[in-house]
Structure formats: C-alpha cells, structure tokens
Student: 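I have a structure here, written as structure tokens, and I will follow up with some questions on it.
All values below come from the heavy atoms of this structure, side chains included, with hydrogens, waters and symmetry mates left out. Atoms within each ligand, like the ligands themselves, are counted from 1 in listed order.
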Amino acid sequence: MNRTDQRLVRGLGRFACVLLALACVGLRVAADEPREPDNGRSPSAAPPNIVFILADDLGWGDLGAYGQRTLQTPSIDRLAKEGMRFTQFYAGSTVCAPSRCVLMTGLHTGHAFIRGNAKDNLRPEDVTVAEVLRARGYKSGLFGKWGLGHEGSTGLPTRQGFDEFFGYLDQTHAHNYFPTFLVRGEERVPLPNEVPNEGEHGQGVARRRVAYSHDLIAEEALKFIERHRDEPFFLYLAITLPHANNEAGRRGMEVPELGELEKKGWAEAEEGFGAMIARLDRDVGRVLDKLDELAIADRTVVFFTSDNGPHSEGGHDPAFFDSNGPFRGIKRDLLEGGIRVPFLARWPGVIAPGSTSEHLAAFEDVLPTLGAIAGAQASELPATLDGISFLPALRGDLANQEKLPYRYWAFYERGGGQAIRSGRFKAIEQPIGSPLRIYDLEADSGETTDIAASEPGFAAQAREWMKAAYTPSARWRFPEARSGRSRE
Ligand SMILES: [Ca+2]
Ligand SMILES: [Ca+2]
C-alpha cells in the first residue's frame with residue numbers, strides 16, 4: 001500500500017467515524033436524552049492537565065509492571081494499577097534525539113526533521129505538540145532533556161511552544177549528572193559542581209559533585225505543577241535517568257548515593273543503575289503525590305514511557321536486570337528490544353484502572369492524541385502527520401480506534417537500517433543493504449527465527465512500504481550499502 005492508499009484508508013476510516021458520530025448524535029436527539037458530557041466532565045469544563053513523563057534508555061523489562069523482579073518500581077507500577085498498560089507501544093527511534101523529534105512533531109524517522117543524534121535544531125516551521133497545546137490554552141513546561149535545539153537557535157524549547165524550560169538543551173551535556181550549569185528558559189544557571197576539562201556543551205565528569213541535575217529537575221517540575229494548578233497545563237518531564245554518563249567510561253552510572261543497594265555486592269555500575277531506577281520511581285511517585293495533594297489528579301492525564309531500549313553504556317550490562325524483557329536487542333537496534341517501550345496512561349474516570357491495551361501505537365501518535373485530549377480539531381493539527389490519535393484506545397473503545405497499515409523506522413547511524421511493523425509481522429533491514437529479515441511477533445516476540453523465505457509476499461510488501469515511508473533528507477543519509485546500492 002503506498003502513501004496515497006494509506007491516506008485513502010485513513011480518510012475512509014475518518015468518514016466512517018463521522019458517519020458513526022452522526023448516527024450517535026441522531027440516536028441521542030431521537031431519545032431526547034441530555035447530552036453526555038465528554039469524558040465525564042461538563043462540556044464547558046477546561047480540558048485535563050497532561051503530564052508526560054519520558055525516561056531515558058529505560059527498557060521494557062526495567063519496570064515491575066512489565067516483569068522486573070529484582071528492582072522495585074512501586075510508583076510507576078501504580079500508574080499501571082490505576083490506568084492502562086500498553087503492550088505494543090513503540091518509541092520513535094532506537095536513540096534519543098530522533099525519538100524525541102518524533103514524539104514532539106508526530107512525524108516518523110522517514111519524514112522527521114531530526115532523524116539522528118547529530119546536533120541539529122528544530123526550525124520555526126516544525127510544529128511541536130507544545131505549540132498545538134498552547135493554541136488550546138495550555139501552559140507548557142519542559143523539565144529535563146530536550147535535544148532538539150541548541151543555545152541561540154530556533155530549536156529552543158521556549159521557541160517551540162514551551163512557556164517554561166529547565167534542564168539540558170544538549171544531549172552530551174545531559175550525560176553529565178553533575179554539570180556546572182543547567183539552562184532555565186534561554187539562560188545558563190550556574191551550579192556548584194566542578195568539571196575538569198569540561199567539553200564545549202558542558203559534558204564531562206565532575207570532580208566536585210554537589211548538585212545532582214535530576215534532583216533539581218524534579219524539584220522544578222513539582223513547582224511547575226503548583227504554579228499552574230488552576231489552569232490546564234502540559235508538563236513534559238523528560239527525565240535523564242537511567243542514561244549513562246558516556247564520558248565517564250565504565251563509571252558512568254552516576255548517582256549521589258547508592259542507598260540500600262550498596263550492600264548488594266553487585267558491580268558498581270549495576271548498583272548505580274539500580275539506584276537510578278529507584279530515584280526515577282521515587283520522583284514519579286512525588287509527581288503523583290503532588291497531583292493528589294493539590295486535588296487535581298482527577299483532571300490530569302499522566303503518561304509514562306521511555307525514549308528507546310536499554311543501553312550498554314557506563315559499565316552497565318543490560319542483561320544484568322534483563323532490561324529488554326522478552327525481546328532481543330538494545331538501544332541502536334531496530335529489533336524489538338531497541339524500540340518497543342513500556343507505555344502507561346492514567347486518567348481517572350476515563351481510562352479503566354488495571355487495564356491492558358494491545359493497540360499498536362508509537363511516538364508519532366502522541367501529538368495527535370494529546371491534541372485530541374485537549375479538544376483540538378483536525379484543522380488545529382499539523383497538515384502532515386504520520387501518527388493517529390489513540391484516544392479511543394485509551395477509552396477502551398477499540399471499535400472506534402483507527403489503525404494504520406504499518407509503522408516505519410529509519411536509523412541512520414552505524415550501518416543504518418529500516419524496519420516495518422504490520423500486524424503480527426516485522427521486517428528489518430539492518431544494516432542497510434543486508435537481506436530483509438522477517439519475524440512473526442505473535443509466535444516469536446524474541447525475533448529468533450527469520451521467516452523471510454516463507455513470507456515472500458510480506459517481504460515484497462514491506463519493501464514497498466519502506467520506499468513509500470522514506471523521504472530523502474540532505475541531513476540524514478543512509479550509509480552506502482556494501483552492495484553499493486544507495487538510497488539517495
Ligand atoms: Ca535515550
Ligand atoms: Ca515551531
């Protein structure tokens with residue numbers, strides 16, 4: 001199916017939804033029933049607050065709600081108990097910046113402006129979810145790691161729809177948990193840490209370790225919630241845990257203290273990793289407690305996910321806690337372990353507590369979904385989007401949930417790669433130029449058995465989709481394949 005066909009299918013889907021909606025309105029009018037308030041609130045009520053928590057390099061298997069047995073994540077698991085746990089949710093990419101660009105702009109890595117970790121800046125014309133929500137009257141704050149715009153550029157969060165920002169603009173800066181500065185708005189805020197031979201973006205390894213960046217970011221996020229408790233707000237809490245400080249070699253799992261884990265006798269990096277997960281969970285708990293304390297939890301949707309699969313950096317072994325769970329692969333792989341991520345959503349009164357959704361969704365769906373939650377009409381969203389709203393799935397209304405024929409990822413680092421997910425099948429070409437591998441994820445979620453030979457039809461279809469989904473970019477090129485075949 002080409003792009004035109006996809007649009008047609010989507011258009012027909014929308015037409016069917018409109019017909020269904022009209023029929024429902026007709027039934028309501030005919031029955032002369034009072035109009036049901038949307039989402040259980042009165043139609044005039046303000047849209048709900050949105051808290052979107054993004055962990056960094058957290059694997060599917062790192063959370064209790066997804067099968068972790070050694071490490072405890074009671075607060076994040078609370079979101080699963082009180083909300084919905086998605087089992088087929090995908091990150092935008094297998095590394096940070098492109099995944100975050102997909103998350104912010106609703107375009108997958110065949111179309112997004114930023115498709116790799118090379119330093120780049122969003123342009124004014126790139127429309128972010130914060131810009132969509134601002135137009136709906138939201139106050140937006142980003143706390144944590146941005147990665148989509150550097151100092152002085154058009155890509156700054158404050159120039160891309162966020163009213164407030166505190167954290168790291170640059171991704172290598174964000175490696176350093178004890179930096180000499182963070183950025184508030186567009187200004188550097190000095191911190192009392194000392195970093196010898198500090199890199200130009202603030203990266204490095206601290207000698208004097210006083211202020212832990214994550215703790216400062218978490219505090220600022222809590223204050224943002226307090227300040228905006230009475231208006232609809234969008235909190236994008238882009239936590240840097242449990243990413244490694246890659247400049248610190250095998251001592252990269254930087255934490256202020258190990259706490260109880262010091263007695264475990266694990267390798268230093270694993271104790272650090274465990275302490276990072278504990279801190280991440282503690283602060284998700286503090287956010288949830290703050291919403292309770294302010295009595296706004298009932299009108300706040302909370303999402304929790306990760307930007308890509310688990311890493312093997314900073315001395316951490318992703319097999320130690322089985323961070324990729326039942327999947328194969330880690331960060332930088334297009335195998336499931338690199339891109340399938342935990343995704344939890346809580347919305348009291350709308351999302352059924354303790355529910356599970358097998359709806360297949362991905363980061364490009366977040367912009368249209370948050371737009372729909374905020375009440376934005378299609379005309380208020382960017383004209384070109386690769387994602388679709390999964391609001392019906394959140395409501396448990398799969399009958400009205402639109403589905404796309406396939407999902408697509410392109411990866412431009414190392415040998416490059418592409419992947420397609422459609423129904424039960426997955427197709428992977430990584431590195432670029434290698435034979436297409438096909439996996440049946442229903443029978444083989446660990447992607448152990450390549451069935452390309454017995455699925456020539458799907459292989460041909462996947463090739464067609466890969467061509468249709470990929471738009472050449474001067475900035476992001478696939479490496480020259482060994483066969484000499486070039487995609488540009
Ligand atoms: Ca990441
Ligand atoms: Ca913009």
Student: In Asp57, which N, O or S atom comes closest to the Ca ion (ligand 1)?
Tutor: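 In Asp57, the heteroatom (N, O or S) nearest the Ca ion (ligand 1) is OD1.
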
Student: In this structure, which one of Leu235, Leu291, Leu344 forms a side-chain contact (heavy atoms from CB on, under 4.5 Å) with Val302?
Tutor: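 Running side-chain contact (heavy atoms from CB on, under 4.5 Å) over Leu235, Leu291, Leu344 with Val302 returns exactly one hit, Leu291.
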
Student: Before moving on, can you tell me the angle at the Ca ion (ligand 2) between the OE1 atom of Gln160 and the O atom of Pro124, to the nearest 10 degrees?
Tutor: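 It is 130°, given to the nearest 10°.
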
Student: Using a cut-off of strictly less than 3.0 Å, determine whether Asn308 has an N/O/S atom near the Ca ion (ligand 1).
Tutor: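 An N, O or S atom of Asn308 is closer than 3.0 Å to the Ca ion (ligand 1), so yes.
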
Student: Ignoring hydrogens, what is the shortest heavy-atom contact between Val95 and Pro98? Give both atom names and the distance.
Tutor: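 Looking at all heavy atoms of both residues, the shortest contact is CG2-CG, 3.6 Å.
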
Student: For Asp56, what is the atom name of its N, O or S atom nearest to the Ca ion (ligand 1)?
Tutor: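 Nearest N/O/S atom of Asp56: OD1.
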
Student: Using the rule side-chain contact (heavy atoms from CB on, under 4.5 Å), only one of Phe303, Phe304, Tyr236 pairs with Leu54; which is it?
Tutor: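 With Leu54 as partner, Phe303, Phe304, Tyr236 yield a single side-chain contact (heavy atoms from CB on, under 4.5 Å), made by Tyr236.
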
Student: Strictly under 3.0 Å, is the Ca ion (ligand 1) approached by any N, O or S atom of His243?
Tutor: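 It does not: His243 brings no N, O or S atom closer than 3.0 Å to the Ca ion (ligand 1).
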
Student: Kindly give the heavy-atom pair with the smallest separation between Asp57 and Asp307, and that separation in Å.
Tutor: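 Closest approach of Asp57 to Asp307, heavy atoms only: N-OD1, 2.9 Å.
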
Student: At a threshold of 3.0 Å, where the distance has to be below it, does the Ca ion (ligand 2) have an N, O or S atom of Glu125 nearby?
Tutor: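 No, outside the cut-off.
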
Student: Work out the angle at the Ca ion (ligand 2) between OE2 of Glu131 and O of Asp126, rounded to 10°.
Tutor: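 My answer is 130°, to the nearest 10°.
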
Student: Whether the Lys331 and His243 side chains hold a donor-acceptor pair (N or O, under 3.5 Å, no angle test) is what I'd like checked.
Tutor: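 Looking only at side-chain atoms, His243 and Lys331 do form a donor-acceptor pair, the distance falling under 3.5 Å.
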
Student: Give a yes or no on whether the ring-centroid distance for Trp266 and Phe273 is below 6.0 angstrom.
Tutor: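 No, they do not, as the ring centres are separated by 6.0 Å or more.
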
